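Fair warning: this is a prediction, and the values are worked out from it, not measured in the lab.
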Amino acid sequence: MTYFDTVTRSYTQVDTSSGIKTDEFLEATEGVVKLFDLLGSAAFSVVQSDMNGNIKKIRDRFLKDPVANSTLEGLTAAEAPEKKRVATEGLLWLTRIENPTEELAASFTKAYENSLRKFHGIMVRPVFALAMKACPYRKDFYQKIGITTDDALELMKAWLQALEAIIATIQAIFTSHPEYIKGM
C-alpha cells in the first residue's frame with residue numbers, strides 16, 4: 001500500500017472543470033500534511049503546523065459563504081476588495097513550490113527561502129532549516145511512501161501531475177490578478 005492509497009482525496013480527484021473546487025482542494029492538501037508523518041522526523045511538525053494554519057485560513061473563508069467561495073478562483077476574487085486577504089495569503093503560501101524533480105531538501109529549502117523566510121523571525125528560521133535538513137533523499141522518500149512498483153510510481157506521477165496543474169492554475173490567477181496578492 002502506498003501513501004496515495006491512504007489519502008481521503010487525491011489531487012487527481014479534485015474537480016477543476018469549472019474552477020478548482022475549494023473543499024476538494026483542501027481535503028487533498030490535508031493529505032499532504034499527513035505525508036510529513038511518514039518522513040519520521042519531529043522536525044516537520046512546524047511545517048505541518050504552518051500548512052494546517054494556511055488550510056484553516058482558506059477553510060474559514062470557504063465556510064463563510066460556500067457558494068461564493070466554492071472555487072479557489074471565486075474565493076480569491078471575492079476576497080480581493082478586502083484590506084486583509086487572509087485566505088488568499090494562505091493559498092499563496094500553500095502553492096509556492098519550486099522544482100519538484102530536484103532532491104527534496106534542496107527543493108523545500110528554495111521554496112522556503114523564496115516565500116516564507118521573510119515572514120519568520122530569528123527564532124523560527126532555524127526550526128525550518130532543521131526541517132529542511134531532515135528531508136530524506138528522493139529514493140528513501142519513495143520507499144517511505146510505498147513507491148516500490150511501477151504501478152505505484154504511475155499513481156504518484158498522476159498525483160503529482162494533477163498537483164502541478166492545480167498549482168499552475170493558481171499561479172496563473174495570481175499572475176493575471178496581481179492585486180490579489182499585492183503586499184504579500
Side-chain angles (χ1 to χ4, degrees), residues 1-16 20-59 72 89-120 123-172 174:
M1 180 183 293
T2 72
Y3 152 79
F4 303 100
D5 297 313
T6 67
V7 295
T8 306
R9 181 176 304 274
S10 169
Y11 285 111
T12 61
Q13 299 167 316
V14 173
D15 182 1
T16 59
I20 302 164
K21 293 288 185 190
T22 303
D23 57 338
E24 294 177 7
F25 170 80
L26 292 172
E27 194 174 5
T29 304
E30 287 169 333
V32 175
V33 175
K34 293 175 184 152
L35 176 70
F36 287 100
D37 289 334
L38 299 175
L39 300 180
S41 174
F44 291 108
S45 63
V46 69
V47 176
Q48 289 174 299
S49 177
D50 192 65
M51 289 183 73
N52 279 327
N54 289 319
I55 290 168
K56 182 180 182 331
K57 290 174 184 178
I58 299 165
R59 177 165 283 114
L72 294 176
E89 180 181 65
L91 182 62
L92 176 67
W93 289 354
L94 279 176
T95 57
R96 287 196 167 157
I97 188 168
E98 296 297 317
N99 183 353
T101 61
E102 67 189 350
E103 280 301 330
L104 299 177
S107 181
F108 286 1
T109 299
K110 281 183 189 173
Y112 175 72
E113 293 289 329
N114 292 331
S115 61
L116 298 176
R117 186 177 189 275
K118 63 186 168 201
F119 298 102
H120 292 155
M123 299 299 285
V124 175
R125 289 178 185 161
V127 176
F128 272 82
L130 176 64
M132 300 309 112
K133 287 183 169 87
C135 290
Y137 288 107
R138 189 168 300 278
K139 67 178 182 60
D140 297 330
F141 174 68
Y142 285 1
Q143 289 291 315
K144 287 180 185 243
I145 64 171
I147 306 301
T148 58
T149 66
D150 288 342
D151 287 344
L153 184 61
E154 290 306 312
L155 184 64
M156 183 188 72
K157 284 179 179 178
W159 180 90
L160 187 57
Q161 287 173 343
L163 172 59
E164 288 172 335
I166 289 169
I167 289 172
T169 299
I170 294 166
Q171 289 173 340
F174 294 149

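One distance of note links CD1 of I145 with CG of L35; it measures 6.0 Å at 0.5 Å rounding. Between the CG atom of L72 and the CG atom of L91 there is a distance of 5.5 Å, given to the nearest 0.5 Å. Of the inter-residue distances, the one linking W93 atom CH2 with D50 atom CG reads 7.0 Å to the nearest 0.5 angstrom. Rounding to the nearest 0.5 Å places CZ of F36 at 5.5 Å from CE of M51. A distance of 13.5 Å separates CG of L26 from NZ of K57, quoted to the nearest 0.5 Å.
For the pair S49 (side chain) and S45 (backbone), a donor-acceptor distance under 3.5 Å is absent.
By the salt bridge (Lys or Arg N to Asp or Glu O under 4.0 Å) test, K144 is found to be paired with no residue, residues two or more places apart in sequence or in another chain being considered. With sequence neighbours left out, the side chain to side chain donor-acceptor pair (under 3.5 Å) criterion links Q161 to no other residue. Taking the side-chain contact (heavy atoms from CB on, under 4.5 Å) definition, one finds that D5 meets it with M1, T2, L155, sequence neighbours left out. Under the salt bridge (Lys or Arg N to Asp or Glu O under 4.0 Å) criterion, K157 pairs with E154, sequence neighbours left out. Taking the ring pair (Phe, Tyr, Trp, His ring centres under 6.0 Å) definition, one finds that Y3 meets it with nothing, sequence neighbours left out. Listed by chain and residue number, nothing satisfies the side chain to side chain donor-acceptor pair (under 3.5 Å) test with D140 (two or more places apart in sequence, or in another chain). Partners of K21 according to the salt bridge (Lys or Arg N to Asp or Glu O under 4.0 Å) rule, which considers only residues two or more places apart in sequence or in another chain, do not exist here. The ring pair (Phe, Tyr, Trp, His ring centres under 6.0 Å) check on F25 picks up nothing, with sequence neighbours excluded.
Taking both residues in full, the closest heavy atoms of V33 and Q48 are given as O-NE2, 2.8 Å, listed atom of the first, atom of the second, then distance. Of all the heavy atoms in Q171 and T95, the pair that sits closest is NE2-O, 3.4 Å.
Side-chain contact check for K34 versus T6: every heavy-atom pair is 4.5 Å or farther apart. The side-chain heavy atoms of L94 and V32, taken from C-beta on, include no pair separated by under 4.5 Å.
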Subject >> Verdict with reasoning, F4 to I147, per side chain to side chain contact (heavy atoms under 4.5 Å, CB included) >> reply: CA-CA 9 Å; F4 303 100; I147 306 301; 3.7 Å; yes
Extract all donor-acceptor atom pairs below 3.5 Å that involve side chains of residues 7-16 and protein atoms in other chains or at least two apart in sequence.
residue	atom	partner	partner atom	Å
R9	NE	E27	OE1	2.9
R9	NH1	Q13	O	3.2
R9	NH2	E27	OE1	3.4
S10	OG	T12	N	3.1
S10	OG	T12	OG1	2.9
Y11	OH	T29	OG1	2.8
Q13	OE1	S10	N	2.7
D15	OD1	S17	N	2.9
D15	OD1	S17	OG	2.6

